[in-house]
Amino acid sequence: MTTKDPNCFYCRDDQRRKDLMIEIMKLKSSTLYLFRDQKNRGRCVLKFNDHKVDLSQLTDDEYRLFSNELRMVSKTLMTLFHPDKINYAIYGDLVPHLHVHIVPKRKDGPQWGAPFSDSVPQKILSDEEYRSLVSEIREELTRQLSNA
């Protein structure tokens, strides 16, 4: 049984979430989203499906599964975008639902050498560019998962 919090941004999964990110695919313990702001090409968010606010709340099995899914997403983004580094961030002060920002960064790209932030101008894509990117990530992630 999946636990939900009716007041939670991620549990509600309403238009506010859809305005910020696009669902790529559901995994066993998580759901992967493409962040609409693509100044860092391939920026995604992986949310834990049950309403948990911290890694410490996961059972050992949940932690292993979520961590493995995060690793598979990272492999996917490395394969597709060849970043120099991927930054990972687990926040939750304002959105207390366990989720990880996965941000591919390049040495010649925005905010190299500093934490990524939303303080620089957004890069918004066309609907077709989003569809293509979502499809590309979904296909590669499916391939990565089938080879695991």
Side-chain angles (χ1 to χ4, degrees), residues 1-107 109-118 122-123 125 129-148:
M1 182 176 108
T2 302
T3 57
K4 301 287 183 195
D5 177 338
N7 300 312
C8 171
F9 171 84
Y10 281 106
C11 291
R12 289 174 58 132
D13 198 33
D14 59 16
Q15 192 60 45
R16 293 177 308 151
R17 196 273 306 151
K18 293 173 182 150
D19 289 343
L20 191 61
M21 59 191 83
I22 303 163
E23 184 175 313
I24 296 174
M25 68 186 292
K26 291 188 185 314
L27 303 168
K28 289 180 183 177
S29 76
S30 62
T31 303
L32 181 64
Y33 300 98
L34 180 71
F35 212 71
R36 286 191 184 272
D37 178 1
Q38 284 293 295
K39 67 178 149 274
N40 296 98
R41 190 158 180 79
R43 179 179 176 181
C44 292
V45 172
L46 186 68
K47 75 143 185 175
F48 191 73
N49 288 331
D50 281 350
H51 184 76
K52 306 279 177 118
V53 299
D54 192 84
L55 288 171
S56 66
Q57 294 178 321
L58 303 182
T59 66
D60 289 345
D61 287 341
E62 288 171 334
Y63 179 78
R64 278 190 287 278
L65 185 56
F66 185 64
S67 295
N68 190 55
E69 290 170 354
L70 177 59
R71 184 172 62 92
M72 292 292 106
V73 170
S74 299
K75 282 182 162 186
T76 295
L77 299 180
M78 281 292 206
T79 298
L80 292 174
F81 305 113
H82 310 286
D84 294 304
K85 178 71 175 94
I86 293 182
N87 285 187
Y88 304 89
I90 300 176
Y91 299 127
D93 296 354
L94 301 177
V95 183
H97 185 115
L98 179 58
H99 64 286
V100 180
H101 293 261
I102 310 160
V103 185
K105 291 181 74 179
R106 303 186 67 79
K107 289 179 182 173
Q111 300 172 314
W112 178 259
F116 71 91
S117 77
D118 295 330
Q122 292 187 353
K123 180 174 183 181
L125 307 178
E129 288 172 307
Y130 285 125
R131 276 191 295 276
S132 177
L133 202 50
V134 164
S135 177
E136 191 177 5
I137 293 169
R138 183 183 301 123
E139 287 173 22
E140 180 59 26
L141 180 55
T142 299
R143 190 184 74 72
Q144 292 284 347
L145 291 167
S146 70
N147 291 336

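The side-chain heavy atoms of P110 and N40, taken from C-beta on, include a pair separated by under 4.5 Å. Side-chain atoms of I137 and L32, non-hydrogen and from C-beta on, do get closer than 4.5 Å to each other. Between Q38 and E129, every side-chain heavy-atom pair lies at or beyond the 4.5 Å cut-off. Under the 4.5 Å side-chain criterion, counting only non-hydrogen atoms from C-beta, L133 is not in contact with I22.
Once rounded to the nearest 0.5 Å, the distance linking CE of M78 with CD1 of I86 reads 4.5 Å. Expressed to the nearest 0.5 Å, how far CG of D37 lies from CE of M21 amounts to 11.0 Å. Note that NE2 of H51 is 9.0 Å distant from CG of N7, once rounded to the nearest 0.5 Å. Here S29 contributes atom OG and L70 contributes atom CG; the two are 9.5 Å apart, rounded to the nearest 0.5 Å. Atom CG of L34 and atom CG of L125 lie 7.5 Å apart (nearest 0.5 Å). Taking CG of L80 as the start and CD of E139 as the end, the distance is 9.5 Å to the nearest 0.5 Å.
Shown here are the side-chain contact (heavy atoms from CB on, under 4.5 Å) partners of D14, two or more places apart in sequence or in another chain: R12, R16. Not counting sequence neighbours, the partners of T79 by the side-chain hydrogen bond (donor to acceptor under 3.5 Å, both in side chains) test are Q144. Partners of Q15 by side-chain hydrogen bond (donor to acceptor under 3.5 Å, both in side chains), not counting sequence neighbours, listed by chain and number: D19. With sequence neighbours excluded, the residues satisfying side-chain hydrogen bond (donor to acceptor under 3.5 Å, both in side chains) with Y88 are S74. R71 is linked by a salt bridge (charged side-chain N to carboxylate O under 4.0 Å, His left out) to nothing, counting only residues two or more places apart in sequence or in another chain.
Under the 6.0 Å distance and 45° angle rule, R43 counts as a cation-pi partner of F35.
Residue pairs satisfying the salt bridge (Lys or Arg N to Asp or Glu O under 4.0 Å) criterion with at least one member in residues 72-96, sequence neighbours excluded, are absent.
Between S30 and the options H99, E62, K47, E69, a side chain to side chain donor-acceptor pair (under 3.5 Å) holds for only E69. Just one residue in the list L55, N49, V53 forms a side chain to side chain contact (heavy atoms under 4.5 Å, CB included) with L98, and that residue is L55. Applying the ring-ring contact (aromatic ring centres under 6.0 Å, His included) test between H97 and each of Y10, Y91, F48 identifies Y10 as the sole match.
Shown here for C44 and L77, the closest heavy-atom pair between the two residues is SG-CD2, 4.2 Å. Nearest heavy atoms, F116 versus K105: N-NZ, 4.0 Å. Contact record, M25 with R138: SD-CG, 3.9 Å, taken as the closest heavy-atom pair.
Side-chain atoms of S117 and Q111 form a donor-acceptor pair, as typed in the model, at a separation below 3.5 Å. Between S56 and D54, the side chains place a donor N or O and an acceptor N or O closer than 3.5 Å (distance only, hydrogens not considered). Donor-acceptor pairing under 3.5 Å is lacking for the side chains of E136 and S132.
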**Study point:** Worked verdict on Y33 versus L20 for side chain to side chain contact (heavy atoms under 4.5 Å, CB included)
**Key:** CA-CA 9 Å; Y33 300 98; L20 191 61; over 6 Å; no
Check your understanding: Passes side chain to side chain contact (heavy atoms under 4.5 Å, CB included), L141 versus L27? Steps please.
Key -> CA-CA 10 Å; L141 180 55; L27 303 168; 4.2 Å; yes
Practice item. Evaluate the side chain to side chain contact (heavy atoms under 4.5 Å, CB included) criterion for residues L94 and F9: first the C-alpha distance (whole Å), next the side-chain angles of each, then the deciding distance (0.1 Å), finally the verdict. Key: CA-CA 10 Å; L94 301 177; F9 171 84; over 6 Å; no
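Side-chain N or O atoms of S67 include none that pairs as donor or acceptor with a backbone N or O of R64 at under 3.5 Å. No donor-acceptor pair closer than 3.5 Å links the side chain of R17 to the backbone N or O of C11.
Within 6.0 Å of CZ in F81 there are more than 12 heavy atoms belonging to other residues, nucleotides or ligands.
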